[in-house]
Amino acid sequence: MKNVNSKSILQAGEVALVGSGPGDAELLTIRALRFIEQAEVAIYDRLVSDEIMALLPADCERLYVGKEQAKHCVPQDKINELLHQYAQQGKKVLRLKGGDPFIFGRGGEEAEYLLKNGVSCHLCPGITAASGCTTYAGIPLTHRGVAQGCTFITGHMQNDGQLNLPWKSLSDSSQTVVFYMGINTLPSITEQLIKHGRDANTPAALIRKGTQPEQQIFRGKISTLAALVAEHKITPPTLIVIGDVVNQLTDIALAKPGFLDAKNYQQPEQLSVKVG
């Protein structure tokens with residue numbers, strides 16, 4: 001482990017932009033853990049789990065800058081300024097973000113700002129929610145003969161109130177599509193997918209708080225997703241997964257996230273759509 005340690009030294013006045021993954025601390029990279037252990041100041045988001053926050057040094061200063069849909073606690077420009085401010089004070093600064101900072105996480109914007117202001121950055125990816133949460137739900141993003149590719153896309157409305165997405169390409173049945181931040185726009189998402197050619201009976205799933213002990217999985221079809229949200233009062237953070245891979249390995253909610261019990265296994269042709 002000596003060589004591993006030497007690769008991840010956080011110097012005074014530097015910022016580590018670190019992805020904490022979707023929540024389970026066991027999904028942290030070794031590099032991420034090293035930076036967490038060295039932090040003097042941690043500027044963190046809403047989706048960083050309590051389990052991961054507990055790994056910070058006891059004397060580490062913690063600043064919450066979480067964002068929620070339609071409710072930004074701290075504007076992005078202020079976050080940029082905070083990172084710069086603490087680095088200028090000679091602190092070892094940790095910018096801790098859920099998932100991967102560079103997939104819908106504005107990690108690139110923060111790195112650009114810091115570099116323009118003379119602050120060096122360590123870049124540390126995390127397991128993005130689309131990968132971690134689907135895997136812990138027993139859903140492979142690709143599967144030979146079923147899905148030859150996958151697309152990660154944001155379902156967040158643009159400033160003009162529209163979902164300006166490449167609907168035609170998202171309707172390819174050989175592609176798995178994972179929507180981040182799409183619960184509030186789900187009716188529009190499903191309507192547009194069907195309108196542009198995706199079969200309304202395509203298997204689909206909603207994964208709430210994936211990889212965490214309170215993980216919930218709701219399976220259905222594209223045409224039934226909006227009803228599932230209303231029935232179960234599903235709120236963010238929830239991923240939307242579209243594609244035939246949803247029921248490839250199992251059609252039931254896993255009793256233990258990330259564990260497929262062989263006693264419950266059925267061949268794919270035996271599977272039926274269920275909600276769990």
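Here the structure is a predicted model, which means the values were calculated and not measured.
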**Study point:** Closest approach of Ile153 to Pro166 (non-hydrogen atoms, all atoms of both residues)
**Key:** CD1-CD, 3.8 Å
Revision key, fill the gap. Looking only at heavy atoms, the pair that brings Cys133 and Pro22 closest together is SG-CB, 3.8 Å
Check your understanding: Do Arg95 and Val65 come within less than 4.5 Å of each other through their side chains, counting heavy atoms only?
Key -> yes
Practice item. Could you walk me through whether Leu94 and Val41 pass the side-chain contact (heavy atoms from CB on, under 4.5 Å) test, one step at a time? Key: CA-CA 6 Å; Leu94 174 71; Val41 177; over 6 Å; no
Revision key, fill the gap. The complete set of ring-ring contact (aromatic ring centres under 6.0 Å, His included) pairs with one or both residues in residues 93-131, sequence neighbours excluded, reads Phe35-His122, Phe104-Tyr180
Point to revise | Full working for side chain to side chain donor-acceptor pair (under 3.5 Å) between Gln248 and Asp244 | key: CA-CA 7 Å; Gln248 183 65 36; Asp244 292 333; over 6 Å; no
Check your understanding: Do the side chains of Leu82 and Leu115 join up, straight or via other hydrophobic residues, at under 4.5 Å, putting them in one cluster?
Key -> no
Review point. Any sub-3.5 Å donor-acceptor pair from Ser131's side-chain atoms to Ile127's backbone N or O?
Key: no
Check your understanding: Yes or no on side-chain contact (heavy atoms from CB on, under 4.5 Å) for Thr154 and Phe179, after CA distance, side-chain angles and deciding distance?
Key -> CA-CA 5 Å; Thr154 175; Phe179 287 90; over 6 Å; no
**Study point:** Lys97 and Glu110 ion-paired at < 4.0 Å
**Key:** yes
Point to revise | Where at least one partner belongs to residues 16-25, residue pairs that pass side chain to side chain donor-acceptor pair (under 3.5 Å), sequence neighbours excluded | key: Asp24-Tyr136
Check your understanding: Using a distance-only test with no angle check, is there a side-chain donor-acceptor pair under 3.5 angstrom linking Arg208 and Thr235?
Key -> yes
Revision key, fill the gap. Note: Pro187 and Thr190 closest approach over all heavy atoms is O-OG1, 3.1 Å
Review point. Can you tell if the side chain of Leu27 reaches within under 4.5 Å of the side chain of Thr211, non-hydrogen atoms only?
Key: yes
Review point. Do Ile222 and Asp199 come within less than 4.5 Å of each other through their side chains, counting heavy atoms only?
Key: no
Practice item. Decide side-chain contact (heavy atoms from CB on, under 4.5 Å) for Val178 and Leu141; before the verdict, give the C-alpha distance in whole Å, the side-chain angles of both, and the deciding distance to 0.1 Å. Key: CA-CA 9 Å; Val178 182; Leu141 286 173; 3.7 Å; yes
Review point. So, Lys91 and Glu40, do they make that salt bridge, N to O below 4.0 Å?
Key: no
Check your understanding: Do Leu249 and Pro140 touch side chain to side chain, with heavy atoms closer than 4.5 Å?
Key -> yes
Study note, to complete from the structure: Between the CG atom in Leu254 and the CD atom in Gln215, the distance rounded to the nearest 0.5 Å is 6.5 Å
Review point. Would one find more than 12 heavy atoms of other residues, nucleotides or ligands at under 6.0 Å from atom CD of Glu214?
Key: yes
Practice item. Report yes if the side chains of Arg106 and Ile79 come closer than 4.5 Å at any heavy-atom pair, otherwise no. Key: no
Review point. Quick one: which of Leu170, Ile189, Thr202 gives a side chain to side chain contact (heavy atoms under 4.5 Å, CB included) with Ile242?
Key: Thr202
Check your understanding: Is the closest side-chain heavy-atom distance between Val246 and Thr176 below 4.5 Å?
Key -> no
Review point. Does Ser188 offer a backbone N or O that forms a donor-acceptor pair with the side chain of Thr185 under 3.5 Å?
Key: no
Practice item. Grab the two heavy atoms, one from Gln212 and one from Ser49, that are nearest each other, plus how far apart they are. Key: OE1-CB, 4.2 Å
Study note, to complete from the structure: Rounded to the nearest 0.5 Å, the CD atom of Gln148 sits from the CD atom of Gln175 at a distance of 8.0 Å
Exercise for review: Flag yes if Leu63 and Leu114 sit in one hydrophobic cluster, no otherwise; membership is Ile, Leu, Val, Met, Phe, Trp, Tyr, and two members link when side-chain heavy atoms are under 4.5 Å apart.
Suggested key: yes
Study note, to complete from the structure: Shortest non-hydrogen pair, Val119 vs His84, comes out as CG2-CD2, 3.6 Å
Review point. Crowded around Asp77 CG? As in, over 12 foreign heavy atoms under 6.0 Å?
Key: yes
**Study point:** Any donor-acceptor N/O pair, Glu14 side chain to Leu10 backbone, under 3.5 Å
**Key:** no
Review point. Ile194 and Arg198: side-chain contact (heavy atoms from CB on, under 4.5 Å), yes or no, with the steps?
Key: CA-CA 5 Å; Ile194 295 170; Arg198 198 90 192 219; 5.6 Å; no
**Study point:** Interatomic distance, Gln192 atom CD to Asn164 atom CG [nearest 0.5 angstrom]
**Key:** 10.0 Å
Revision key, fill the gap. The reported gap from CD1 in Ile36 to CZ in Arg31 (rounded to nearest 0.5 angstrom) is 12.5 Å
Practice item. Check for a donor-acceptor pair, side chain of Gln38 on one end and backbone N or O of Arg34 on the other, with a separation under 3.5 Å. Key: yes
Review point. Taking all non-hydrogen atoms of both residues, which atom of Thr29 and which atom of Pro125 are closest, and how far apart?
Key: CG2-O, 4.1 Å
Review point. Which value, rounded to the nearest 0.5 Å, describes the distance between Leu83 atom CG and Asn117 atom CG?
Key: 11.0 Å
Point to revise | Whether Asp45 side chain and Leu47 backbone form a donor-acceptor pair below 3.5 Å | key: no
Practice item. Taking the side chain as every heavy atom from C-beta outward, state whether Leu17 and Val15 have any pair of such atoms under 4.5 Å apart. Key: yes
Practice item. Taking Thr224 for its side chain and Gly220 for its backbone only, find out whether a donor-acceptor pair lies under 3.5 Å. Key: no
Point to revise | Sequence-distant partners of Lys263, salt bridge (Lys or Arg N to Asp or Glu O under 4.0 Å), two or more places apart | key: Asp261
Review point. Measuring from Cys150:SG to His143:NE2, what's the distance to the nearest 0.5 Å?
Key: 14.5 Å
**Study point:** Any side-chain heavy-atom pair of Lys221 and Pro203 under 4.5 Å
**Key:** no
